[in-house]
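Structure record follows, encoded as structure tokens.
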Amino acid sequence: MKTIEIVPKIEVDSKEKLALVYTPGVAKSSTAIKEDYDKVFDLTNRSNSVAVISFDYNDSLKRAVYLKETYGVDAYPIEIKEDKLPADTAARKNELEFVIDNIMPNFMGVDKALIEDGGWNSAFDIPIMSKGCILPDDIKPENLEAVELRRLYGGVIETKVVDCAGFDMAGGHKKPVAIVSDGSAVLGLGNVGAEAGLPVMEGKAVLFKSLGGADAMPLCLKTQVPSEIERIVYLLEGSFSGINLEDIGAPRCFEIEENLIKKLDIPVFHDDQHGTAIVVLAGLLNAMKVVNKNLADVKVVFSGAGAAGQAIAKLLIKMRECLSGSNQGGKGIIMFDKAGAVYKGRAGNDPSLDKMAGMTNYEGFDGTLKEGIKGADVFIGVSAKGVLTEDMVKTMAENPVIFALANPEPEILPDKAIAAGAKIAASGRSDFNNQINNSLVFPGLFRGVIDNDVKKIDDRVKIEAALVLAEIVSDEKLNENYIIPDALDKKVPLGLQKIFEHVE
């Protein structure tokens with residue numbers, strides 16, 4: 001039996017390539033598409049991608065293999081749950097068109113031969129514009145600028161046909177993870193839309209495969225309505241082994257994740273929240289060793305109370321409670337957003353911020369970040385460029401720890417933080433020491449999830465993952481410039497895959 005494998009056009013085997021394929025380089029391609037929609041066909045693999053839909057995954061797979069072998073098109077098998085569609089013929093047709101319309105940002109077209117009673121080898125007439133990625137041998141990816149790299153390669157992923165004789169497709173383990181996004185909160189660029197978000201999702205698919213050996217398929221949706229996103233993913237569940245939610249703005253992302261976890265029988269993981277939280281917790285555990293402080297006792301200030309900030313705070317609170325044996329893990333934690341400190345009763349709080357206000361800021365501090373950061377041991381930034389100044393760092397406690405994680409430009413550059421007195425500075429960038437990036441988590445974590453048929457990624461899994469990441473950095477190598485493993489360290493995905501041997 002043959003199947004479709006999703007593979008990188010560029011192997012990520014160096015920090016330079018990581019920076020090109022993912023952050024910070026990918027932001028330039030997203031910006032270019034936002035400014036000129038038609039560039040999506042030049043800077044991604046959309047121009048050679050087709051979705052093959054049917055009511056049975058194996059039928060879609062058979063046709064996708066045929067289209068790839070016969071026409072060279074990158075055809076992705078998609079199953080729509082027939083029993084979940086309306087019984088009424090007109091309503092059923094509308095629902096199918098609704099799904100097709102909303103997945104179109106990823107494809108040149110949708111092959112409907114199988115739901116229109118055509119054979120798996122019937123005529124194919126969707127236009128494709130493949131560049132073929134046939135480049136001179138002397139062109140090296142690392143020597144290209146990020147946008148030019150995507151233009152020359154026609155995106156950074158493609159498909160190939162592989163033989164999986166003897167493999168039981170009923171288990172679903174060879175189905176890809178869906179990287180689902182609505183493009184509403186892409187990197188540090190904001191709401192750029194589905195098409196402009198596609199380069200980021202392709203980059204993540206490369207990391208899934210290169211770092212974790214897991215197939216992943218970008219699925220950028222045209223709609224930004226939570227109930228519609230949930231409906232589409234629910235109808236397409238049979239096409240995937242897991243759902244990785246990505247770059248969906250808060251607070252909608254909380255609702256979407258919560259509802260999909262309830263509805264689906266496959267794992268759902270919002271990477272911006274939980275992947276980031278796992279890496280930050282791992283980095284903090286090691287940073288506290290370097291500065292000789294107790295994570296359960298330090299004062300922590302957050303800049304940013306969106307999806308990532310809230311998830312980091314929640315996991316940090318859980319860890320602090322485990323370390324202290326108390327139920328007051330939020331003591332000494334203050335969160336800030338554009339409106340200032342988050343506190344109980346603050347006008348304008350949405351339900352998620354009300355919840356965070358009840359978990360943190362026990363004293364009800366209502367001042368500014370500049371005031372609140374005085375005496376803080378740790379700064380965690382998931383907000384915007386330039387929020388933290390050198391003068392503010394100078395008012396923090398002795399040997400402060402700065403995690404400035406805004407992308408593509410951090411709240412303060414690491415070298416400036418160190419110059420201002422920080423003992424440890426980390427960012428989301430690969431061109432500085434201590435890169436805090438969720439690329440450390442999702443490839444290996446999902447590989448373990450898929451291999452072990454895990455249905456839910458809960459707090460036990462997240463804490464275990466953080467502990468594994470922290471422990472990979474040996475005491476002999478641990479220092480202020482090395483608190484977290486390198487994203488290309490092969491021990492990372494192997495370690496994360498093994499946590500499921502210990503977590504029921």
Side-chain angles (χ1 to χ4, degrees), residues 21-47 49 51 76 98-108 110 146-147 150 155-157 176-208 216-233 236 240 243-257 259-260 268-273 275-276 304 306-308 382 384 406-409 428 438-439 442:
V21 171
Y22 197 44
T23 184
V26 71
K28 296 179 181 179
S29 296
S30 291
T31 300
I33 294 170
K34 175 64 175 176
E35 293 172 351
D36 181 356
Y37 164 81
D38 286 341
K39 286 186 177 178
V40 71
F41 300 105
D42 295 323
L43 302 180
T44 74
N45 195 42
R46 179 176 176 178
S47 61
S49 294
Y76 294 84
F98 164 74
V99 172
I100 290 170
D101 182 55
N102 277 287
I103 67 174
M104 274 305 296
N106 309 273
F107 307 108
M108 279 297 290
V110 174
V147 175
R150 280 174 171 76
V156 293
I157 61 169
V177 174
I179 308 171
V180 177
S181 178
D182 65 357
S184 61
V186 176
L187 293 175
L189 305 177
N191 190 351
V192 297
E195 288 83 5
L198 188 54
V200 179
M201 307 316 137
E202 284 194 356
K204 290 194 78 79
V206 170
L207 301 186
F208 264 99
M217 171 184 163
L219 193 66
C220 294
L221 303 179
K222 185 184 294 185
T223 180
Q224 294 188 349
V225 178
S227 60
E228 294 182 350
I229 294 172
E230 294 163 19
R231 181 65 176 166
I232 294 166
V233 176
L236 301 183
F240 310 113
I243 304 296
N244 186 86
L245 299 175
E246 184 74 22
D247 291 350
I248 300 174
R252 293 177 303 108
C253 59
F254 305 125
E255 173 188 348
I256 292 167
E257 182 191 34
N259 289 337
L260 285 177
V268 178
F269 185 77
H270 186 200
D271 188 44
D272 297 320
Q273 291 187 67
T276 305
V382 277
N407 266 321
E409 296 293 332
N438 47 19
S439 62
F442 62 82

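By convention here, the first residue in the shown sequence is residue 1.
When side chains are defined from C-beta on, I229 does not count as touching L245, because their heavy atoms never get closer than 4.5 Å. M104 is listed as a side-chain neighbour of V110, based on a closest heavy-atom distance under 4.5 Å. Side-chain contact between M201 and N106 is absent, with no heavy-atom pair separated by less than 4.5 Å. For the pair M108 and F41, the minimum side-chain heavy-atom distance is below 4.5 Å. Side-chain contact between V180 and L260: absent, with no pair of heavy atoms (C-beta onward) separated by less than 4.5 Å. In this structure, V26 and V156 have side chains that are not in contact, with every pair of non-hydrogen atoms separated by 4.5 Å or more.
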Side-chain donor/acceptor pairs under 3.5 Å, residues 193-200, sequence neighbours excluded:
none

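Looking at every heavy atom in both residues, F240 comes nearest to V177 through CD2-C, 4.5 Å. Of all heavy-atom pairs between G428 and T23, the closest is O-CG2, 3.9 Å. Scanning both residues, D182 and D247, for their nearest heavy atoms gives OD1-O, 3.5 Å. Considering all non-hydrogen atoms of both residues, V225 and T223 come closest at N-OG1, 3.1 Å. Across P218 and A216, no two heavy atoms sit closer than the pair CD-O, 4.0 Å. Listed here is the closest heavy atom pair of Y22 and R150: N-NH2, 4.5 Å.
For the atom pair K39 NZ and S30 OG, the distance stands at 12.5 Å (nearest 0.5 Å). Distance check, rounded to the nearest 0.5 Å: NE2 of H270 to CZ of F442 gives 12.5 Å. Here the straight-line distance linking atom CG of D272 with atom CG of N244 works out to 8.0 Å at 0.5 Å rounding. Here the SG atom belonging to C220 is positioned 8.5 Å from the CD1 atom belonging to I179, to the nearest 0.5 angstrom. Rounding to the nearest 0.5 Å places CD of E246 at 13.0 Å from CG of L219. Rounded to the nearest 0.5 Å, atoms CG (L189) and OG1 (T31) are 4.5 Å apart.
Between the side chain of N45 and the backbone N or O of I157 there is at least one donor-acceptor pair closer than 3.5 Å. No donor-acceptor pair closer than 3.5 Å links the side chain of N102 to the backbone N or O of L221.
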Fill in: Audit row: D271, K204, side chain to side chain contact (heavy atoms under 4.5 Å, CB included) steps and yes/no
CA-CA 11 Å; D271 188 44; K204 290 194 78 79; 2.7 Å; yes
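Between Y76 and F107, the ring planes lie tilted relative to each other; the angle falls in the 30° to 60° range.
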